[in-house]
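Predicted, not measured: the structure shown is a model, and the values here were computed from it.
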Amino acid sequence: MNNPDLNLAPESRTPATPATPAPLYLRRSGTALLLDFRTGEPALLHFGADLGPELPDLSLLTDPVPHSALDVPVTLGLVPQASSGWRGRPGLRGHRGGTAFSPRLRLISVDADPGDGASAVLTQTDPDAGVTVRTELRLNDGGLLQLRHTLVNDGDSPYTLEELAAVLPVGRAAAEVLDLTGRWCRESHPQRLPLHQGTWVRSGRHGRTGHDASLLLAAGTPGFGYRHGQVWAVHLGWSGNHESFVDTTGDGRTTIGASELLGSSEVTLAPGESYETPWLFAAYSDAGLDGITAAFYAWFRARSHHPTAGKPRPVVLNVWEAVYFDHRLPALLDLAATAAALGVERYVLDDGWFRGRRNDTAGLGDWYVDEDLWPDGLTPLIDAVTGHGMEFGLWVEPEMVNEDSDLARAHPDWIAGPATGGAGNAPAGRLPERWRHQQVLDLVNPEAWQYIYDRLDALLSENRISYLKWDQNRDLTEMGHDGRPSVHAQTRAVYRLLDALREAHPDVEIESCSSGGARVDLGILERTDRVWGSDCNDALERQTIQRWTGMVVPPELVGSHIGPTRSHTTARTHDLSFRAVTAMFGHFGLEWDIRHLEPAERDELAGAIALFKEYRGLLHSGRMVRADEPDPALRLHGVVAHDGGEALFALVSVATSFAEIPGRVCLPGLDPDTRYRVEAVYPAATDRGAYLQTAPPGWLAGGVEATGRFLAGSGLPMPVLNPEHGVLLSVRRAGGGAPHSGTPVRNS
């Protein structure tokens, strides 16, 4: 055994025999994981609240043995297995030509990092089945747990892997399950159901994360909310097919977990080969969903490559909804000049710049600047954009190909599908149905991978490009390479492509867009600098999409743009103030033809951009707070500085309220003993479009001072907002210096 006596304070260690290491007890930031090894396998005893520095004698805490059951207590293992009596979902499913179907893994080593006390590697093996499973555990600052397995085929014949899942125990107090679902332009919407005996499974078979993917799967105590209740939650950091599940067995124990969803014989390991699962990210909170969010944000922001580590997030203009495929240089130059005057810092040229691309039916794969549209290349536009002091960004969709393209005509065998690859350059038999007139480029093919890498590398080397908007606009239906399922291999190939480009061009930021929010996961976010939460810029839809995407992903990584007055995806019309208030809580930008604004609207937009710049340091570093607002027509969310000195809240009306007035609305998350000054900074109290009231509450025009305890306990009377409007509330420590330097935005 390696380091058998580990990670326990001396007074809490259980005496260990040479054959039995002491329990593994990882503790950090109020969260703990406890495993016991007395049965010969790592038994999951606890994941949840910190149990303190001292443990009881675990040998006395054996489960009873009921009638009509195994004659020994059933172990819930780190890799749950039927050989230990587990009757729920097994952790490992596989076989060796139909044999070795029921592994009996037993612990052979435990290695812990003595420096941090919150990470370990456990190795289990079954010599008869010829498999070894190595498990990595990391409990990060902030309380986010990472868990992944690596399976090695130790046998002398192929081993077919069907599933290798990461699971954790859920406390018996959990009674509800919450996850997310959605569709295009309506991603990340919550759904709840009671937790019953049996299994709740969410399967994603899109070949990408999916518009309906459950970014977060949570189990919790009855009625758990944003600020109250115990919650156990998991996320799988993987961009391909996957399953997440909550499983309650007949003995009353509940597990929560996830795995890659493998196709038939998709992973068959030759002797000596290995398979590594994606990371499972897990968090526990005794203070509701906001505690889960805090754990994820702490992990993101501790990364050395987190994009806010080097500079503030630039205000973006994406020209898609301004010009679509109509790429004429005078119009694009006009957009650049207008954007710079408003305070935009990054200009992104979207789809339509490359050969043959006049609409979405042709050109994908031909990643050369279209000589007919751009006789002098992209240089004139790039020079103008950078001359205005802005960065230049470019849209690409490297993983897809149009059948009407030079690439597909030259290499039809590079199109992925269910059939075996054709001879020479012949097409590979039947192709999947088209999606947006496109097919999937088989990046598992080394030649196709190298072609895409070379073209993108050339674009980035030959042009001053600071940013790639990397799109992926279809599901990977019938994804195959040489007649075999290849979602797993394609996903790994995309990861390798991103990694190689980032190594070659470390100063280029990359956005993950996938028809909007169809690829939002921590696997892709390890390789990209933000995600596009949705193709929908409708502010009302975005209120829900961003709230729930933000459960896991911090706002600086979620693109959030002010769209046009009339939404291009829903045809709703919204005032600029509502669109700006919504976009403020993300990576702020514009996707709108801003060339022909009225002067008053231009002034208001410039003021909103300036307001975001004043607050973005707070918005992209502080604690996210969401109130359990009793009125379903109202939503309150905000960001509070970690030192409690400053906060920015948004009160939003998403519908008409049952009550005439909203009453006193509480502002949670502030330091209770600090005195604060609260001011409404946008829109102005006199804005008749935002408010429906004869007279506002007395404090609205000039602000008010109160303690954090008062603001959280009693709250403030709020203005009567019209439906689909909002107001930004600045909260600053009173007497701590001058008020925030941002000037309230003037409304048209």
Side-chain angles (χ1 to χ4, degrees), residues 7 23-28 30-39 41-52 55-56 58 61-64 73-82 84-92 105 107 118 120 122 124 133 135-139 143-149 164-178 195-201 216-221 224 229-236 243-259 277 279-286 291-292 295:
N7 289 338
L24 177 65
Y25 185 31
L26 307 181
R27 303 169 58 208
R28 182 168 282 177
T31 298
L33 176 70
L34 177 61
L35 294 96
D36 183 41
F37 307 119
R38 286 174 295 109
T39 63
E41 66 176 313
L44 288 164
L45 297 190
H46 174 80
F47 172 64
D50 191 334
L51 303 176
L55 294 175
L58 298 181
L61 303 183
T62 56
D63 290 328
V74 172
T75 297
L76 168 57
L78 185 60
V79 180
Q81 46 194 353
S84 297
W86 185 250
R87 290 174 290 174
R89 283 176 64 106
L92 171 60
L105 295 166
L107 185 73
L122 287 68
Q124 304 177 75
V133 176
T135 302
E136 299 171 72
L137 296 164
R138 300 178 188 171
L139 187 56
L144 188 67
L145 177 70
Q146 293 178 251
L147 186 161
R148 71 178 173 189
H149 304 301
L164 182 54
V167 303
L168 290 164
V170 170
R172 293 180 65 88
E176 292 182 1
V177 174
L178 180 146
L195 178 62
H196 294 308
Q197 188 176 117
T199 309
W200 174 251
V201 181
L216 188 77
L217 175 62
T221 48
F224 68 89
Q230 294 185 76
V231 186
W232 293 259
V234 297
H235 168 90
L236 188 70
E243 279 192 341
S244 54
F245 53 85
V246 177
D247 186 25
T248 300
T249 61
D251 64 13
R253 283 182 283 187
T254 297
T255 57
I256 189 169
S259 65
T277 71
W279 282 110
L280 181 78
F281 296 84
Y284 165 79
S285 168
D286 62 2
I292 300 294

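When side chains are defined from C-beta on, Y284 counts as touching Q230, because their heavy atoms get closer than 4.5 Å. L217 places a side-chain heavy atom less than 4.5 Å from the side chain of V246. Using a 4.5 Å heavy-atom threshold, the side chains of T31 and D50 count as separate. Taking the side chain as every heavy atom from C-beta outward, F281 and V234 never approach each other to under 4.5 Å. In this structure, the side chains of V170 and T255 stay at 4.5 Å or more apart for every pair of heavy atoms.
In this structure, CG on L76 lies 8.5 Å from OG1 on T249, to the nearest 0.5 angstrom. Annotation: the span from L236 atom CG to T277 atom OG1 amounts to 7.5 Å, rounded to 0.5 Å. Separation of atoms CG (D36) and CG (L55) is listed at 10.0 Å; rounding is to 0.5 Å. F37 contributes atom CZ, which lies 5.0 Å from atom CG of L24 (distance to the nearest 0.5 angstrom). Between the NE2 atom in H196 and the OG1 atom in T248 there is a gap of 10.0 Å [rounded to 0.5 Å]. A distance of 4.5 Å separates CZ in F224 from CG in L178, rounded to the nearest 0.5 Å.
Using a 3.5 Å distance cut-off with no hydrogens or angles, the side chains of H149 and T135 do pair a donor with an acceptor. S84 and E41 form a side-chain donor-acceptor contact under 3.5 Å, judged by distance and modelled atom types alone.
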Decide yes or no on salt bridge (charged side-chain N to carboxylate O under 4.0 Å, His left out) for R89 and D247, but give the supporting numbers first. CA-CA 7 Å; R89 283 176 64 106; D247 186 25; 5.7 Å; no
Going through the distances and angles, do W279 and E136 end up as a side-chain contact (heavy atoms from CB on, under 4.5 Å)? CA-CA 9 Å; W279 282 110; E136 299 171 72; 3.9 Å; yes
List the steps and the verdict of side-chain contact (heavy atoms from CB on, under 4.5 Å) for W232 and T254. CA-CA 11 Å; W232 293 259; T254 297; over 6 Å; no
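Remark: the backbone N or O of L139 is paired with a side-chain donor or acceptor of R28 at under 3.5 angstrom. Not one N or O on the side chain of Q146 forms a donor-acceptor pair closer than 3.5 Å with the backbone of L280. Judged by distance alone, with hydrogens and angles left aside, the side-chain atoms of Y25 form a donor-acceptor pair with the main-chain N or O of L51 at under 3.5 Å. With R38 contributing its side chain and L58 its backbone, the two residues share a donor-acceptor pair below 3.5 Å. The backbone N or O of A43 lies less than 3.5 Å from no partner atom in the side chain of T75, so there is not a single donor-acceptor pair. Although no hydrogens or angles enter the test, the distance criterion places no donor-acceptor pair under 3.5 Å between the side chain of W86 and the main chain of V79.
In plain terms, the two heavy atoms of D63 and R253 that are nearest each other are OD2-NH1, 3.9 Å. In terms of heavy-atom proximity, P169 sits nearest to H46 at CG-C, 4.0 Å. Across A233 and L216, no two heavy atoms sit closer than the pair CB-CD1, 3.8 Å. Between L35 and P42, the shortest heavy-atom contact is CD2-CB, 3.7 Å. Among all heavy-atom pairs drawn from A283 and I292, the shortest one is O-CD1, 3.5 Å. Residue L168 comes nearest to A282 through the heavy atom pair CD1-CB, 3.3 Å, listed as atom of the first residue, atom of the second, then distance.
Of the residues V167, L147, V133, the one that meets the side-chain contact (heavy atoms from CB on, under 4.5 Å) test with L78 is L147.
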